[in-house]
Amino acid sequence: MSSSSPSDSLPPLPENRTVLGVGGMGLDFLAAVSSYPKPDDKIRTTSLKVQGGGNASNALTCVARLGLSPRVISKVADDTQGRGILEELQADGVDTSFVVIAKEGNSPFSYIIVDNETNTRTCIFTPGYPPMIPDDLSPSSLSSALDGARLAYFDGRLHETALLVAQEATRRSIPILIDAERIREGLDDLLNLAEYAICSVKFPQAWTEAKSFPSALVSMLLKLPKLKFAIVTLGEDGCLMLERSVEEPPQTEEIDVDSLFEALKQRKDDSITIPTYISSPVTKLKASGIGTVSGRLFVGTAEKIPPSELVDTTGAGDSFIGAVIYAVCTNMPPEKMLPFAAQVAAACCRGLGARTSLPYRTDPLLAPFLWYILDPKNGKYATAHYKMPWRNQQFF
């Protein structure tokens, strides 16, 4: 119980805050331009930045800034780029002692063109060489990397090594979170071991062949019996989450998941600019031609970022994943997790590159999302915004 403002103190961090990530790291060369060039054009940048990148590395940087203790398994070359990648991660508090360093070859890098006119970015990726293989990771390194881990996170790359780590994590009962950005070789094997999946806008329907986002999420939970929840990120439209229920809902009537999704969207208040959520009660959700699963459907909204503040969406999905990892490790319920992750992603979009504006746990903009009020009237969580009176409220 506290009567102080969230700006005065923060919720305690969990005792076990170690997260292991396996996946991509690289160097990003970001060039912002007034508009995307036409063939044979010669144009000037409006700004230029060189910084670390890669899905796993970005997400783990987010995890570190939020106060957890991430470790990463990946591979770079012993070149200038590789050394810069590792130094930047280390400066942010990411443990890189399990990164394999090749004596020859090249570290991964990307050219990213940020179009100021359309607020889009185009990535041109050059993989590292030689690629990481399971033999690069000794049994002792694998064991040490997983020791004490609260959660293991995989971005879908380095699939052979990732599967080796995931199988050992499963043997140790360490929960697994998968970034399902696109269909990749070996991703199915990782998903079969996962408790949590966060998907890009295109993945669920491509993977399940379902006709809609909600039906695709039902299909994923039916195909992947270990999965506790699946989220699909929808950019400025927020996200959609299906959480499996371990208890059967009291009613026997099945509800069409697509109809429920439309009904939840109708309840959104477009006048609210900060991230929030709308959810269903636990119910039997039916997807036509697919099946039925018991759970709750959540529609999460994104922050309405003023055009003057929106700089670059590079890394927004990675920061969302990093915030969800934090939420899982701190036992946030979905009502708390979705607005928090959306706020972290919105902060990321206010700077050029994936890490420039990635917030720290002490950022005042995050305080209202880290502290929540439990409404005694309905038992639901509400975000503790600064405009609300602080006294006589129960914070968690």
Side-chain angles (χ1 to χ4, degrees), residues 18-30 49-65 68-112 123-149 151-169 174 176 178-179 181 184-186 190 314-315 318 321-322 325 353-355 358:
T18 300
V19 173
L20 175 64
V22 181
M25 58 174 53
L27 199 65
D28 288 349
F29 296 85
L30 297 123
K49 181 176 286 290
V50 181
Q51 69 176 194
N55 293 42
S57 294
N58 291 338
L60 293 175
T61 298
C62 178
V63 166
R65 293 189 185 185
L68 302 185
S69 303
R71 304 166 179 163
V72 61
I73 293 175
S74 192
K75 187 173 185 176
V76 295
D78 186 16
D79 55 12
T80 302
Q81 293 178 7
R83 290 187 287 273
I85 292 166
L86 297 182
E87 288 170 3
E88 187 174 338
L89 288 170
Q90 291 160 4
D92 262 309
V94 179
D95 182 350
T96 64
S97 61
F98 301 102
V99 174
V100 176
I101 302 175
K103 293 182 179 179
E104 298 179 349
N106 66 275
S107 297
F109 63 93
S110 295
Y111 295 117
I112 301 176
C123 302
I124 306 169
F125 177 61
T126 299
Y129 186 85
M132 189 169 192
I133 57 175
D135 286 347
D136 287 333
L137 190 65
S138 69
S140 61
S141 291
L142 171 60
S143 178
S144 297
L146 284 166
D147 280 349
L151 182 140
Y153 150 66
F154 302 85
D155 73 0
R157 292 173 172 80
L158 315 177
H159 66 277
E160 292 177 332
T161 303
L163 182 59
L164 178 71
V165 179
Q167 288 171 336
E168 179 61 18
I174 298 171
I176 289 173
I178 302 295
D179 171 8
E181 182 184 36
R184 302 181 189 274
E185 185 178 359
L190 292 173
T314 300
D318 301 331
I321 290 171
I325 291 171
R355 304 180 191 174
L358 199 59

How close do Ala166 and Leu190 get, counting heavy atoms only, and between which atoms? CB-CD2, 3.7 Å
Backbone N/O of Ile133 and side chain of Asp136: donor-acceptor pair under 3.5 Å: yes
So do Val165 and Leu137 actually touch side chain to side chain, heavy atoms under 4.5 Å? yes
In the structure I gave you, are the side-chain heavy atoms of Ile321 and Tyr153 within less than 4.5 Å of one another anywhere? yes
Kindly check if the number of other-residue, nucleotide or ligand heavy atoms within 6.0 Å of OH (Tyr129) is above 12? no
Nearest heavy-atom pair of Val94 and Ala64: which atoms, and what distance? CG2-CB, 4.2 Å
Those residues that, when tested against Glu160, pass salt bridge (Lys or Arg N to Asp or Glu O under 4.0 Å) (two or more places apart): none
Which residues satisfy the salt bridge (Lys or Arg N to Asp or Glu O under 4.0 Å) test with Asp79, sequence neighbours excluded? none
Determine whether Ile325 and Leu151 satisfy the following criterion, side-chain contact (heavy atoms from CB on, under 4.5 Å), listing intermediate values before the conclusion. CA-CA 8 Å; Ile325 291 171; Leu151 182 140; 4.2 Å; yes
Gap separating the CD1 atom of Ile112 from the CG atom of Leu30, nearest 0.5 angstrom: 4.5 Å
Sequence neighbours excluded, which residues qualify as ring pair (Phe, Tyr, Trp, His ring centres under 6.0 Å) partners of Phe98? none
Taking the side chain from Gln51 and the backbone from Arg355, do they hold a donor-acceptor pair closer than 3.5 Å? yes
Listed by chain and number, what are the ring pair (Phe, Tyr, Trp, His ring centres under 6.0 Å) partners of Tyr111, not counting sequence neighbours? Phe29, Phe109
How long is the straight-line distance from OG of Ser97 back to CD1 of Ile73, given to the nearest 0.5 Å? 9.5 Å
Apply the side chain to side chain donor-acceptor pair (under 3.5 Å) test between Thr96 and each candidate in Arg71, Glu87, Glu88, Gln90; give the one that qualifies. Gln90
Sub-3.5 Å donor-acceptor pair from the side chain of Ser107 to the main-chain atoms of Ala77, do we have one? yes
Exercise: identify the closest heavy-atom pair between Gly23 and Ser74: O-OG, 2.7 Å
Can you confirm whether His159 sits close enough to Leu163 that some side-chain heavy atom of one is under 4.5 Å from a side-chain heavy atom of the other? no
So how far is it from Leu158 CG to Met25 CE, rounded to the nearest 0.5 Å? 9.5 Å
Is there side-chain contact between Arg83 and Asp78, with at least one heavy-atom pair below 4.5 Å? yes
Without swapping roles, check the side chain of Arg65 against the backbone of Leu358 for a donor-acceptor pair under 3.5 Å. yes
Taking Thr61 for its side chain and Ser57 for its backbone only, find out whether a donor-acceptor pair lies under 3.5 Å. yes
Minimal heavy-atom distance between Asn58 and Ala354, with the atoms involved, is ND2-CB, 3.4 Å
Do any N or O atoms from the side chain of Gln81 and from the backbone of Gly26 form a donor-acceptor pair under 3.5 angstrom? no
Donor-acceptor under 3.5 Å (Ser144 side chain, Ser140 main chain): yes
Correct closest heavy-atom pair for Phe154 and Ala152 would be CE1-CB, 3.7 Å
Between Val72 and Leu20, which heavy-atom pair has the shortest distance, and what is it? N-CD1, 4.4 Å
Return yes if some donor-acceptor pair links the side-chain N/O of Asn106 with the main-chain N/O of Gly82 below 3.5 Å, else return no. no
With sequence neighbours left out, write down each residue that passes salt bridge (Lys or Arg N to Asp or Glu O under 4.0 Å) with Asp95, or none if nothing qualifies. none
Partners of Arg157 by salt bridge (Lys or Arg N to Asp or Glu O under 4.0 Å), sequence neighbours excluded? Asp155, Glu181
